[in-house]
A.B. asks: 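Next up is a structure, given as structure tokens.
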Amino acid sequence: MAQKFWLMKSEPDTYSIDHLKKDQTTWWEGVRNYQARNYMVKDMQVGDGVLFYHSNAQPPGVAGLAFVSHLAVADNSQFDKKSSVYDPKATKEKPNWFCTQVQFKAKFKNLISLNQIKVDERLKEMIVIKKGSRLSIQPVQKSDFDLICGLDETEKKKKG
DNA sequence: GCCAACGTTGGC
DNA sequence: GCCAACGTTGGC
């Protein structure tokens, strides 16, 4: 199956690209949105590219790169009564929520800010800039993924 | 902290 | 099945 590309949001106060760099891999637990869940369960494949996005950040934007390192499994946080994302309706036999594993690839030298994406005419199709878009896991076109990777390279060159 | 946009819940 | 009420997301 062809490699796909994703944007995955995380609040850096909770889990930033630096956390992922330290951990190297993490289970993407806590997603409680059906559309986002379905992308993980049905569409994500090992090796898919991930733009690691910092939401609720100053500024918000793409902080680095990761890739899918394991297919979706049951999200254990749904069974944890002490968790803020506990789901009383879920059972071990019939889990409601799933998560893929994500592995660190790179931290951008300079964060590609949401505003930078907004003003770039070439990136106008990206879901993340659509008004009211709250989807925490979104598909990304390969061309957009490559372009954003390239923007980081450009920054590196400018600095010499 | 504000609030617009969105998703979910539940009464009817 | 409709839709008002509510809770959450996330930029600003």
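Below, read A as the first sequence line, B as the second, and so on, with proteins coming before strands; counting in each chain starts at 1. Every value quoted in this text rests on a predicted model; they were computed, and no experiment measured them.
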A.B. asks: Which is it for A/E125 and A/K130 under the side chain to side chain contact (heavy atoms under 4.5 Å, CB included) test, yes or no, and what are the steps along the way?
C.D. replies: CA-CA 8 Å; A/E125 296 300 322; A/K130 308 271 179 188; 4.1 Å; yes
A.B. asks: Please round to the nearest 0.5 Å and tell me the distance separating atom CG of A/D120 and atom CD of A/Q116.
C.D. replies: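 Nearest 0.5 Å value for the CG-CD distance: 8.0 Å.
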A.B. asks: Can you name the atoms? Protein N/O to nucleotides 9-12 of chain C N/O, anything below 3.5 Å, with the distance.
C.D. replies:
| unit_1 | atom_1 | unit_2 | atom_2 | d |
| --- | --- | --- | --- | --- |
| C/dG10 | OP1 | A/K9 | NZ | 2.9 |
| C/dG10 | OP1 | A/R134 | O | 2.7 |
| C/dG11 | OP1 | A/Y53 | OH | 2.7 |
| C/dG11 | OP2 | A/N56 | N | 3.0 |
| C/dC12 | OP1 | A/K118 | NZ | 2.5 |

A.B. asks: Return the OG to OH distance between A/S77 and A/Y86, rounded to the nearest 0.5 Å.
C.D. replies: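 Result: 12.0 Å between the selected atoms.
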A.B. asks: For A/D87 and C/dG7, what is the distance between atoms CG and C1' respectively, to the nearest whole Å?
C.D. replies: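 Those two atoms, CG and C1', are 15 Å apart.
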A.B. asks: Within the structure provided, determine whether A/I117 and A/I112 are in side-chain contact (heavy-atom separation under 4.5 Å).
C.D. replies: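 When only atoms from C-beta onward are counted, A/I112 and A/I117 do touch, with a gap below 4.5 Å.
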A.B. asks: Kindly indicate, with the supporting measurements, whether the criterion side chain to side chain contact (heavy atoms under 4.5 Å, CB included) is fulfilled by A/F108 and A/L65.
C.D. replies: CA-CA 8 Å; A/F108 283 168; A/L65 301 175; 3.6 Å; yes
A.B. asks: It should be established whether A/K131 places a side-chain nitrogen or oxygen under 4.0 Å from OP1 or OP2 of nucleotide B/dA4.
C.D. replies: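 Checking B/dA4 against A/K131, no side-chain N or O comes under 4.0 Å of OP1 or OP2.
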